[in-house]
Number of protein chains: 2
Amino acid sequence: MRMSIRSRSVVTIADVARACGVGTMTVSRVINGKKHVSPEMIQRVEEAIARLNYQPNEAARTLKGRTSRTIGLIVPSLSDPFFSQCAHAVQQVAAEQGYMTMLFACEANRNVEAEELSQMRSRNIAGILIVPSSENSLEQLQELRRNGMPVVMIDRTFAGIDVGEVMVENVEGAWRATNHLIDHGHQRILCVGYDREYNSISQRIDGFKKAMQDAGLQPQHLLVNRGVAIGPKVIAALRSPKPPTAIFALNNVTSVAVLTTLKREEIRIPQQVAIIGFDDFDLASLLAVPLTAVRQPAAELGRHATRMLIDSLRVGNGTGRMPSRIVLPTELIVRQSCGCEPISRISHPR
Amino acid sequence: MRMSIRSRSVVTIADVARACGVGTMTVSRVINGKKHVSPEMIQRVEEAIARLNYQPNEAARTLKGRTSRTIGLIVPSLSDPFFSQCAHAVQQVAAEQGYMTMLFACEANRNVEAEELSQMRSRNIAGILIVPSSENSLEQLQELRRNGMPVVMIDRTFAGIDVGEVMVENVEGAWRATNHLIDHGHQRILCVGYDREYNSISQRIDGFKKAMQDAGLQPQHLLVNRGVAIGPKVIAALRSPKPPTAIFALNNVTSVAVLTTLKREEIRIPQQVAIIGFDDFDLASLLAVPLTAVRQPAAELGRHATRMLIDSLRVGNGTGRMPSRIVLPTELIVRQSCGCEPISRISHPR
DNA sequence: CGTCACTGTGATATCGTTCTCAGAACTGCT
DNA sequence: AGCAGTTCTGAGAACGATATCACAGTGACG
C-alpha cells in the first residue's frame, strides 16, 4: 500500500543530498549560491541536481519565510490595449528579475478587487502593482502597506496612501491636445469622458480647462458615469444651438465610443467636428479618419512600475520603504481627425 | 530581542484555535467545511476567524500536498487582442472557481516558454493552459503530463500529446470566407500569412484550398516566416502580371500588416483588391474600409478551456485523466472590405 | 601552545497547514 | 452490562525548504 501508482516524481532536496552523500544544508547552500561550500562539492551537487532534474519547491521556500518571488498585478481590464500592453511589460520585466506575475483583471468591480487583494495576502505575494479601480480597496491596501507589503499604483492614484506611483503627464498632455485644437481655430471644444473620479482623468480635465482658460475660451464638459452610453449625449450636444466644433475624448474607450457614434450618424470628421483622443492605440492610423491622439507610454509605465516595486523588494525587505513617484511624458501623435493634413503629405510617408 | 518592530501580523490557524480554546484541527475542519464539527463550534470558530481577520496561508496548504489552486496560462502575446480577450476569460472563469491565474506571455520565444513551464512545476501549479508557440516545449509538457499535470491547449495543438484541446473550426471558417470572395466573382485569391507550422493556420490554409479547388480555381499562397515583413511581398504579388483580386489574411496581425501596406500604397479596397481576414477585432468596423473577417470566439475559447481544465482537476485528482476536445464555430462578419455594400444600407443600422 | 577567526559541513527546529490516529462521549442494539 | 458504531475533538507527524547552532579542521598571531 506504500507505493502509489506513480511516485509523482517529486525530487526533494533530500534526494539530492542522499545522491551526493551529503546533508541537505549543503545542497541548499549550493542552490542559493551561499558561501562556505567547497568548489568540488558545488560541482558534485550541481551534477546531481541536473541528473535528478531537481527543482526547489516554491511552496516550501515561501512557507519558510522567504519572499514568494511572485508579484501581483491588478488591472481594470485586459481588453483595453493600454492595460494589456502595460501588463505585458510588467510580466516581462518581472520575469527578467526572476519574479512571476499573478495577473488579475477586476473589470472595475469593487468586490472583485477586494477579493483579489485578499487572495494576494493569502499567497504571500511579494509586492503589488495595481491600476486601482475604486477607493473601496484603499483601506485594504493601507493594511497591506502597514504589514510591509510594497505597493505601486499605476496610471492613477488616490490621496493619503504612501505607495509608489507611476503616472503620465496628464495635465500637459491634455493641455497640448487642447491647444492643438485651439490652434486649428476651434473655440467651442467639448471635453468628453468617463470616470472623472480617477485622478488621471481629472488631471486631463484640468489640462483641458487650463488650455481653454489661457485662450480665453469657455470650457465645456460632458462627463458621464460608467455604464452610461455616451454617444447619444454627444449627438445631442452637437445638435444644440451653439454646438462644439471639436471634441477632446478623455480616454481610449471614450474615443472609440464617440467615433462609433459619429460614424453611425454620418458626421464627418474633421469637417463637422474635429476630435483628439487621450491615449493612442495601434489601429488609430488605420481608422476611417486616422485619429490624432495623446500617446501614453503604456509599456514604459509597466516597466518603471515593476522596477520600482522590485527595487523596493530588494532593499526594503525590512520595513518595506520608499514610496516614490515617477511621471512619464506623453506625446501628441498628429494624424487627421484634428484637421491636419494627412501626414504623408506634410512629411515623409511611413 | 524577541519582538520585531512589527509583528508582521501573521495570524495563523493556531492563533484562531487559541482564541477559541480548541485545537488547530477543529479550526482546520471548519475552514475546509469538513464533517464532524458541532454547529456551535463552527460558529465560534467562524467568529474568531472574522474577528482576527485570519486568512489561511496558501504556501503551507500547497506544501502539505493540497493542490495550489492556481492555474498557469501561457499565451504568445498580450498585445494581440485575441489572446488578451482569451486570457481575460480564463482569469474570470478561474476566479469564479476559486483558482488564481498565473499569466505568462512568452512572445514566441522558445526558451522563455520552457523557462515558464519549469517555473510552473516549481510552484505546484494545479494545471496548465497553453497557446503553444513551439514544438520545443512539447517534451516538457509530456513530462508534466506523465506526472499527472492536466494540460489544455488552446487554439493550436501539436500531434502526439494527450492533452485537452479547445480549438475553433478553422477549416470551415476559412472555407466560408474564401467562398464569400468567390461569390463576389474573385478568381485569383491570395492566401497570406505567418506561422504555417501551427495547425490552426494550416487548417485555415486547408479550408482555403478546399474552397478554391471546389470552385475549380487555383489557390495562391504567400506564406512567410515570423519576423519577415509581409507588406512588400503582397505589393509585389499585386504588381505581378496576373495579380490577385482578393486577399485572404490568415490572422489578425497579417490583416493589419496588409491593411497598413495597402493604405500606404494607396491601393483601394475593395475596388483594387478585396480582403477578408481570419480573426475579427473590435475596431474592424471603424477602419477606413470596415474589414470583413472571420470572428473567433476568443473569450469562449478561454472559458471552455478553463472549465475543461478545472473539471479535470476536480475528478482526476488521481492520475489526471480525460484529455478531450472542444471545437467552437466561427462566424463570418461581413463588412465592406470584401466588396459588400455597407451594412447600414442593406440591413438595420447598428 | 592557546586563542581567535574563518571555512566547510550536518543535525535539528521551524514555517502553517492538513493527515492520521487515538480517544472521549454518546447512541443503539443485543 | 457489553459491544459496535457513531460524532466530536485534539496530539503529533508529516510536507520541503532554510536558519540556527554546533562542531571539526585550518591557519595566523601573540
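Per chain, numbering begins at 1; letters A, B, ... match sequence-line order.
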Could you tell me the separation between the NE2 atom of B:H36 and the C1' atom of C:dC21, rounded to a whole number of Å?
14 Å
Phosphate-side-chain proximity, A:T26 and C:dG10, N/O vs OP1/OP2 below 4.0 Å:
yes
CG of B:L63 versus C1' of D:dA13: gap in Å, rounded?
13 Å
Could you check whether A:E300 pairs with A:R303 (Lys NZ or Arg NE/NH1/NH2 to Asp/Glu carboxylate O, under 4.0 Å)?
yes
Write down the distance between CD (B:E40) and C1' (D:dT7), rounded to a whole number of angstrom.
12 Å
Sub-4.5 Å side-chain heavy-atom contact between B:E58 and A:S68
no
Among the nucleotides D:dA17, D:dT9, C:dT17, which one has an atom lying closest to any side-chain atom of B:A60?
C:dT17
If we ignore angles and hydrogens, is there a donor and acceptor under 3.5 Å between the side chains of B:S118 and B:Q140?
no
Do B:K64 and D:dA14 have a side chain to base donor-acceptor pair shorter than 3.5 Å?
yes
Can you check the B:R69 CZ to C:dT17 C1' distance for me, whole Å?
15 Å
Given C:dT9, D:dT18, C:dG16, which nucleotide is nearest the side-chain atoms of A:S38?
C:dT9
What are the residues of residues 50-59 of chain B, sorted by number, that bring a heavy atom to within less than 4.0 Å of DNA chain C?
B:Y54, B:Q55, B:P56, B:N57
Take the protein atom CG of B:N124 and the nucleotide atom P of C:dT17, then report the distance between them rounded to whole Å.
17 Å
Any luck finding a side-chain donor-acceptor pair between B:T157 and B:R325 under 3.5 Å?
no
Is any side-chain heavy atom of A:L313 closer than 4.5 Å to a side-chain heavy atom of A:I71?
yes
Can you confirm whether more than 12 heavy atoms, excluding those of B:E197, are under 6.0 Å from its CD atom?
yes
Within this structure, what is the CE-to-P distance between B:M25 and D:dG12, rounded to whole angstrom?
15 Å
Starting at atom CZ of B:R18, determine the distance to atom P of C:dT17, rounded to an integer number of angstrom.
12 Å
D:dT18, OP1 or OP2 - any side-chain N/O from A:R61 closer than 4.0 Å?
yes
Counting just side-chain N and O atoms, does A:K34 come under 4.0 Å of either OP1 or OP2 of D:dA19?
yes
Nearest whole Å is fine: how far is D:dG10 P from B:I13 CD1?
12 Å
Closer than 4.0 Å, any side-chain N/O of A:S28 to the OP1 or OP2 of D:dA17?
no
If you find the nucleotide of DNA chain D closest to A:A14 and the one closest to A:R29, which residue's nucleotide is nearer the 5' end?
A:A14
Side-chain heavy atoms of B:V11 within contact of B:N53, under 4.5 Å:
no
